[in-house]
Structure formats: C-alpha cells, structure tokens
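The shown structure was predicted, so the numbers you read here are calculated from the model rather than taken from an experiment.
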Number of protein chains: 2
Amino acid sequence: MINIADVARHAGVSTATVSRALSGGHHVSPATRLRVEASAAQLGYVVSSNASSLASGRMKNIGVVVPFLNHWFFASVVEGAQQALQRHGYDLTLYNLTGGLEARRSVFEHFLLRQRVDAVIAVSLELSENEVARLHALDKPLVGVGGPLAGVRTLTVDDLAVARLATEHLIALGHTRIAHIGGDKAFDLDFNLPTNRRFGYEAALAAAGIVARRDDFRPADFTTAGGYQAAKQLLGRPHERPTAIFAASDEMAIGSILAARDLGLVVPGDVSVIGVDDHELADFFGLSTVAQFPQQQGEKAVEVLMQELRPHPESRTGLNINMPFELIVRGSTARPMV
Amino acid sequence: MINIADVARHAGVSTATVSRALSGGHHVSPATRLRVEASAAQLGYVVSSNASSLASGRMKNIGVVVPFLNHWFFASVVEGAQQALQRHGYDLTLYNLTGGLEARRSVFEHFLLRQRVDAVIAVSLELSENEVARLHALDKPLVGVGGPLAGVRTLTVDDLAVARLATEHLIALGHTRIAHIGGDKAFDLDFNLPTNRRFGYEAALAAAGIVARRDDFRPADFTTAGGYQAAKQLLGRPHERPTAIFAASDEMAIGSILAARDLGLVVPGDVSVIGVDDHELADFFGLSTVAQFPQQQGEKAVEVLMQELRPHPESRTGLNINMPFELIVRGSTARPMV
DNA sequence: CTGAAAGCGCTAACAA
DNA sequence: TTGTTAGCGCTTTCAG
C-alpha cells in the first residue's frame with residue numbers, strides 16, 4: 001500500500017503539504033497542488049481513512065438506522081441518503097433493528113459509539129430519551145426522518161395535511177360516505193402517523209359538515225393483505241356501503257381495490273379508492289394517491305446533516321422541517337354514481 | 001472521550017493488558033480480565049475503531065455493493081447480511097450503484113479502496129475483470145451473491161434447476177401448453193439468469209416430450225406491469241391459448257394473474273400461474289412459486305467471508321456455492337380443465 | 001506557502 | 001501472564 005510519504009517524496013514536498021493539497025487545497029500554491037495531485041494519481045494513492053480519521057477526528061461516515069430494510073419506504077430513504085452521501089464523499093453505515101431489542105441495544109451501546117460515525121440519521125424510529133441523550137453526549141448530530149423526535153431536527157411530512165388533502169379530494173368529487181383504513185395501535189407506538197392521518201381525515205369531513213361514522217374506520221397493518229381484509233368488511237356491509245375509501249398507505253389501498261373487485265364492485269364506479277405514498281405499484285393499479293418522496297427525504301436528511309457538520313452551522317433551520325407531498329389523481333377516484 | 005489509558009489506570013494494569021483483555025482475552029489471567037472488563041464497563045469505555053484498525057489492519061467492516069436497494073430481493077439480501085454481520089461485531093457499509101456509471105467508478109476507485117473494509121460482498125453484480133482484479137490486488141476477499149463471477153466465490157441458486165422444477169410442477173399437473181415469461185436482453189447483461197431460467201423451462205418441456213412453441217415465450221422486465229402486459233398477449237390469443245404460465249419472477253407472475261382476471265379467465269381454472277421468488281405478496285395472491293431465500297443468502301455470504309477472514313481458512317468450500325430453493329404450491333396452479 | 005514534529009488511540013512484538 | 005515501546009498513516013499546530 002502506498003502512503004502519504006511516498007507521494008511526498010515523489011512530488012518533492014513534505015507530507016504536510018501533501019495532506020493540505022489533497023484536502024481542500026487551502027494554503028497551498030496552485031503549482032504545488034497540481035504537482036501533488038499528479039503524483040498521487042500516478043502512484044494510485046488513496047488516503048487511509050483510518051489514519052485520517054484518527055488524526056482529524058472526522059470519520060466521513062454516517063450511520064443510518066432503520067427499523068427494517070425490507071420495505072419500499074425505508075429502502076427508498078436509504079437509497080436517497082446513500083447517493084447524497086456519496087456525492088459528499090461520505091460512507092453510509094447501515095444499522096437495522098430487525099433483530100429486536102437485543103439488536104437495538106447492541107447498535108446503540110457498541111456500534112454507534114465506536115466512533116465510527118460523524119452523525120446519525122434515524123428513519124421512522126422512536127428513539128428513547130436515553131438513546132438521544134447518548135448521541136448528544138457524544139456531540140453527534142442526529143436527524144430524524146419521519147418520526148417526531150423530541151429535541152431532534154426531524155424531517156416530516158405533515159400527515160394531518162396529507163390525510164386532509166386525500167379526503168378533500170374525495171369530498172370535492174361529491175362523496176359523503178367516505179371510509180378510512182388506518183393503522184392499528186401497534187403502529188402508533190413507533191410513530192403516531194396513523195393517528196395523525198385519522199385526524200386529518202376527520203378534520204376534512206368535519207369541515208365539510210360530514211359526520212364521521214364510527215364503523216367507517218377500520219384499522220389494519222399497512223400491508224396489502226390487511227387492506228384487503230379491512231376493505232372487505234367495509235364494502236361487504238348490506239347497508240350504507242361507503243362510496244369511497246381513503247387508505248393510509250398505497251399497499252392498503254391496493255388491497256382495497258382488489259377486495260372491491262372480488263366483491264364484484266367496480267373501481268371507481270362503485271367505490272373510489274385513494275392511498276398515500278405513490279408506491280411503485282400505484283401507477284400499475286391506476287391508484288390515486290398523495291405522493292411522498294422518500295428518496296428525496298433521504299437526500300434532504302443528508303443535506304441537513306452536512307450543514308450541521310460544517311464548522312459554523314449557518315442558517316440552521318427550525319427543528320421541524322416539512323417535506324413536500326402531492327396529490328396524484330389516477331383512475332381509482334371519480335364522482336360517485338347517483 | 002475516555003480511552004484505553006484511562007481504563008488501564010483504573011484497573012491498575014498496562015494498556016497492552018487492557019487491549020488483550022478486551023479482545024478475545026487470550027494470554028490474560030481470568031482475574032485481571034474480569035477486573036479490566038469491570039473498569040471498562042464502569043467508565044463506559046468503547047474502543048476507537050480507527051485507532052484499533054490503524055494499528056491492527058483489521059477494519060471490522062465489510063462493504064456491500066448492490067445495483068439498487070429499492071427492490072425486495074436486494075433489500076432482503078442486505079438485511080440478512082446486516083444481521084449476520086452485527087452478530088460478528090462487524091459493521092456494514094452500503095454502496096449502491098443506482099447513480100450510474102460515474103457512481104460505479106467512484107465506488108470502486110475511491111470508496112472501496114479507502115481501506116475501510118475488510119472484504120466486499122457484491123450482490124447480483126457483474127463486476128468487470130478490472131474491478132475484481134483491483135479487489136484481489138488489495139487482498140480483499142470478495143464474495144458474490146447471485147451472479148456468476150469469474151474467479152470469485154459466489155453463492156448462486158441453480159436457476160436452471162429452479163426453472164425446471166417450476167415447469168415440471170405444471171407438467172406433472174397435466175399441462176402441455178405452457179408459456180414462459182422471462183427476462184429481456186437488458187437483464188441478461190448483468191446476470192444471465194433469464195437465459196438460464198429459459199433453458200430450464202425448455203429442458204423440462206423437452207424431457208416431457210413437449211415441443212416449446214416459439215410464441216409461447218415472451219420477454220418482460222421483471223415488474224408486475226411487464227408481466228401483466230406479456231400475459232395479456234399470451235392469453236388473448238384466439239387460438240391455442242396456453243393453459244399455464246411460468247413467470248421468471250413472482251412480480252411478473254402476479255401481473256399474469258391480474259391479466260388473466262381482467263380477461264375474465266379464472267386462475268387456476270383457466271390458467272395456472274407459477275412464479276419464482278416467494279415474494280412478500282405471493283402468499284396474498286395465493287401464488288405457487290419456487291422460493292429462494294434472499295435473506296439467508298445474505299447471511300451465508302457473511303459466513304463465507306468470516307471463514308475467509310480467519311487467519312487460516314480451513315475447509316474452503318468450492319468456488320461455487322449452491323443455495324437452496326423450494327417449490328411452494330399455493331392456489332394458482334391446478335390440473336388443466338379438459 | 002511550506003516543513004518539522006507532535007500526537008490521535010490502539011496493537012503487537014519483544015522483554016521481563 | 002504482564003509491561004514497555006515502537007509503530008500504524010495521517011493532520012495540525014507552530015516555526016520559518
């Protein structure tokens with residue numbers, strides 16, 4: 001392995017100059033910088049990140065923690081973050097908490113603290129105060145994606161507004177019997193997104209002077225199968241069948257479409273269906289939805305972090321950063337038949 | 001930050017002893033080991049991985065390279081690898097090549113060579129000889145998942161056998177008009193899996209004395225939408241409609257099921273459909289399939305690597321390691337109606 | 001603008 | 001079994 005001394009010798013300068021020339025290039029004359037760069041390239045020199053980190057305290061590596069990876073949303077966030085980091089010359093070290101409580105503890109007690117990362121991005125994770133405190137104690141910037149995390153800079157979409165928008169779309173089309181498939185309690189524990197979306201739905205109804213019937217809400221588990229089952233119950237009722245369903249995720253919305261079909265109902269003729277996410281299958285199913293952009297969220301998280309990692313964090317944004325969302329109307333929503 | 005010297009002082013031993021006690025614990029008396037461990041715990045000491053790596057040459061970190069993350073199969077492999085690595089006390093640094101050629105070069109020229117990783121796992125990636133050579137030159141073990149990579153230890157499922165098994169299942173049920181939806185040329189570039197699966201299909205037919213009709217094969221892009229379109233073509237033919245479809249992925253198989261339904265055909269009454277993967281939606285759609293176990297593949301890749309990373313690699317397995325697969329029969333396949 | 005030299009925190013000979 | 005000590009390769013004052 002060829003090291004900084006080799007380059008210094010080859011370029012006829014000191015190792016200090018090589019270091020300076022290769023990192024930022026401040027306080028080095030253009031001429032020598034060029035010479036050093038040429039030597040480095042010629043010799044195929046690559047800095048040893050360990051030595052560099054040890055000496056400088058910068059790791060050029062950030063930790064990303066996700067609950068699981070095996071899910072469209074999380075995978076997209078990570079992918080976005082990875083690409084953004086790569087542009088900045090950073091590595092991404094991935095931790096996923098699928099392994100349960102033990103894995104979680106081990107991540108926080110050993111891995112994140114090994115001084116491997118400059119900062120941490122926590123995706124859809126409700127960190128305990130203890131966990132947050134630990135990170136803060138180490139002076140490691142932390143940004144959250146999609147939770148609300150006490151005292152932590154977090155990127156969130158306004159779930160209430162998202163749900164309101166979706167519901168308003170249905171109301172504007174003329175629907176008055178609008179059911180909602182939301183998350184069950186298990187999901188509320190880790191991020192109270194289901195509750196927020198339900199509130200948004202109810203707020204939109206209320207604003208339109210519609211009273212939400214209690215049995216027009218059904219909890220499910222955010223999967224296609226869960227949405228299917230919930231929709232079957234909703235649509236199979238002999239009386240007062242809803243003419244529209246707002247599902248809190250596209251996967252549940254797709255389940256609803258399939259449930260409607262299996263009951264012989266036509267979408268959107270008999271039931272309109274709208275979801276949230278703009279999942280990769282949404283287009284195929286012609287599903288109207290409120291898109292959120294997970295990849296972009298990952299990228300943005302990185303930008304925020306880079307900001308914070310700079311010596312003098314200028315223009316720090318507020319603690320809560322609102323991410324965009326957008327109504328996408330496809331074929332699954334239409335005016336109700338009279 | 002509290003360091004090894006602090007622990008040494010607290011435990012009344014030298015830093016060398018602390019180092020030994022905390023890593024493996026060889027050549028240390030049980031008594032002092034206990035004492036050191038107690039001190040470390042009490043002080044909240046965590047080794048600086050940089051210093052440790054710099055001194056030892058071991059990074060305790062492995063690089064995983066995937067073409068994209070945003071896909072069930074890759075995400076599952078990574079998840080499996082991550083969990084296995086965590087058990088071994090290793091970190092996982094993720095590289096994805098979604099960014100195109102430039103990103104790819106940058107990964108290989110800078111990131112992987114920064115001496116950050118002890119080894120590399122390449123998932124479904126056709127590495128160039130140059131790229132492989134580079135890694136070998138650095139003495140970095142490399143294991144592939146799901147390609148065949150020249151000169152590299154690779155985990156593969158026998159795609160030919162997988163396809164044969166699926167097709168044989170249909171033949172055994174009595175089908176003779178069996179269509180195949182495979183991958184198009186674009187996919188063959190990166191891993192010639194589509195070709196292998198097609199060969200397996202043809203081999204099974206040939207063994208049963210069935211001649212494969214040319215127009216019973218349709219290429220698609222491994223997505224649900226692609227499978228849907230291909231199946232529409234296959235099933236919409238006025239004459240000699242196939243009674244069964246073998247799709248090279250579950251997503252295409254699901255597309256086929258939906259296409260059949262839209263044509264008013266009943267699955268499996270009018271058409272049987274079988275896929276490959278055991279995708280998370282397979283169960284929901286009652287899809288018969290040949291399961292492969294991506295998570296397990298990720299774990300296995302780690303085991304192989306750990307083996308190789310040990311001082312004296314015992315019992316090295318062959319270059320090609322066959323991964324298991326399994327026929328799972330659900331409701332989408334049945335005897336053809338006579 | 002450039003060089004000399006002191007660490008960064010740990011591991012691994014080597015000695016004891 | 002334990003301690004001493006010389007690096008690992010780089011960054012960063014501090015001089016010049």
Side-chain angles (χ1 to χ4, degrees), chain A residues 1-37 39-40 43-61 89 110 113-118 138-139 309 311, chain B residues 1-37 39-40 43-61 89 110 113-118 138-139 309 311:
Chain A
M1 210 60 227
I2 128 136
N3 65 23
I4 199 172
D6 299 326
V7 179
R9 212 170 304 122
H10 188 274
V13 295
S14 72
T15 61
T17 300
V18 174
S19 175
R20 281 189 286 250
L22 261 29
S23 57
H26 287 304
H27 301 281
V28 183
S29 79
T32 49
R33 212 232 331 289
L34 253 42
R35 200 145 36 87
V36 170
E37 284 172 350
S39 295
L43 300 177
Y45 169 69
V46 193
V47 294
S48 154
S49 62
N50 282 312
S52 172
S53 296
L54 182 57
S56 70
R58 278 173 258 109
M59 315 296 155
K60 288 278 203 173
N61 184 24
H110 299 305
L113 305 180
R114 258 203 261 171
Q115 308 186 48
R116 276 243 170 134
V117 298
D118 289 316
L138 290 171
D139 220 18
L309 250 21
Chain B
M1 209 61 225
I2 126 138
N3 63 24
I4 199 172
D6 300 325
V7 179
R9 212 171 304 122
H10 188 276
V13 295
S14 73
T15 62
T17 299
V18 173
S19 176
R20 282 188 287 249
L22 261 29
S23 58
H26 286 303
H27 301 279
V28 184
S29 78
T32 50
R33 209 225 345 282
L34 253 41
R35 201 143 38 85
V36 170
E37 284 171 350
S39 295
L43 301 177
Y45 169 70
V46 194
V47 294
S48 155
S49 63
N50 283 313
S52 172
S53 295
L54 183 56
S56 70
R58 276 172 259 110
M59 315 297 155
K60 288 280 206 172
N61 184 24
H110 294 93
L113 305 180
R114 256 202 264 171
Q115 310 187 46
R116 275 244 170 132
V117 298
D118 289 316
L138 289 172
D139 220 17
L309 249 22

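- Considering only side-chain atoms of Ala51(B), the nucleotide from dG3(D), dC10(C), dC1(C) that sits closest is dC10(C).
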Let's go through Asn50(A) and Met59(B) carefully: what are the C-alpha distance in whole Å and the side-chain angles of both, what is the deciding distance for side chain to side chain contact (heavy atoms under 4.5 Å, CB included) to 0.1 Å, and is it a yes or a no?
CA-CA 9 Å; Asn50(A) 282 312; Met59(B) 315 297 155; 3.1 Å; yes
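- Between the CG atom of Asn50(A) and the C1' atom of dC8(C) there is a distance of 12 Å, given to the nearest Å.
- For dG3(D), one of the phosphate oxygens OP1 or OP2 lies less than 4.0 angstrom from a side-chain nitrogen or oxygen of Thr17(B).
- In terms of phosphate contacts, Ser19(A) brings a side-chain nitrogen or oxygen within less than 4.0 Å of OP1 or OP2 of dT11(D).
- As a whole-Å value, the separation of Leu54(A) CG from dC10(D) P is 12 Å.
- Regarding Met59(A), its CE atom lies at a distance of 10 Å from the C1' atom of dC8(C), rounded to whole Å.
- Relative to the side chain of Ala55(A), the nucleotides dT11(D), dG3(C), dT2(C) differ in distance, and dT11(D) lies closest.
- Although no hydrogens or angles enter the test, the distance criterion places no donor-acceptor pair under 3.5 Å between the side chain of Asn61(A) and the main chain of Val117(A).
- Across dT12(D), dA12(C), dG9(C), the shortest atom-to-atom separation from the side chain of Ala16(A) is found for dT12(D).
- Atom C1' of nucleotide dA15(C) and atom CZ of Arg20(B) are separated by 12 Å, given to the nearest angstrom.
- Using modelled atom types, one finds no donor on one side chain facing an acceptor on the other under 3.5 Å when comparing Ser49(A) with Ser52(A).
- Backbone-only engagement by Thr32(B) is indicated by non-hydrogen atom pairs under 4.0 Å involving sugar-phosphate atoms exclusively.
- Look at CG on Leu34(B): it is 16 Å from C1' on dT1(D), rounded to the nearest Å.
- When distances run from any side-chain atom of His27(B) to the nucleotides dT13(D), dT1(D), dG9(C), the shortest one goes to dT1(D).
- Between the P atom of dG9(C) and the CG atom of Asp6(B) lies a distance of 9 Å, rounded to the nearest Å.
- In this structure, Arg116(A) and Ser53(B) approach most closely via the heavy-atom pair NH2-OG, 4.5 Å.
- Across all strands, Val18(A) comes closer than 4.0 Å to no nucleic acid atom at all (heavy-atom distances).
- Of all nucleotides listed (dT11(C), dT2(D), dT11(D)), dT11(D) comes nearest to the side chain of Ile4(A).
- Here dC10(C) is the nucleotide among dA5(C), dC10(C), dT2(C) with the atom lying nearest to any side-chain atom of Val47(B).
- Distances shown here put every side-chain N or O of Ser56(B) at or beyond 4.0 Å from the OP1 or OP2 atom of dT11(C).
- Side-chain nitrogen and oxygen atoms of Ser52(B) include at least one within less than 4.0 Å of the OP1 or OP2 phosphate oxygen of dT11(C).
- Nucleic acid contact class of Arg58(A) (heavy atoms, under 4.0 Å, all strands): sugar-phosphate only.
- Of all non-hydrogen atoms in Ser39(B) and Val7(B), the two that sit nearest each other are CB-CG1, 4.1 Å.
- Here the closest non-hydrogen pair linking Asp118(A) and Lys60(A) is OD2-N, 2.6 Å.
- For dC1(C), neither phosphate oxygen OP1 nor OP2 lies less than 4.0 angstrom from any side-chain nitrogen or oxygen of Ser29(A).
- Distance, Asn3(A) CG to dG7(D) P: 14 Å, rounded to whole Å.
- Rounding to whole angstrom units, CZ of residue Arg35(B) and P of dT1(D) are separated by 14 Å.
- The residue among Gln115(B) and Arg33(B) whose nearest nucleotide of DNA chain D is located toward the 5' end is Arg33(B).
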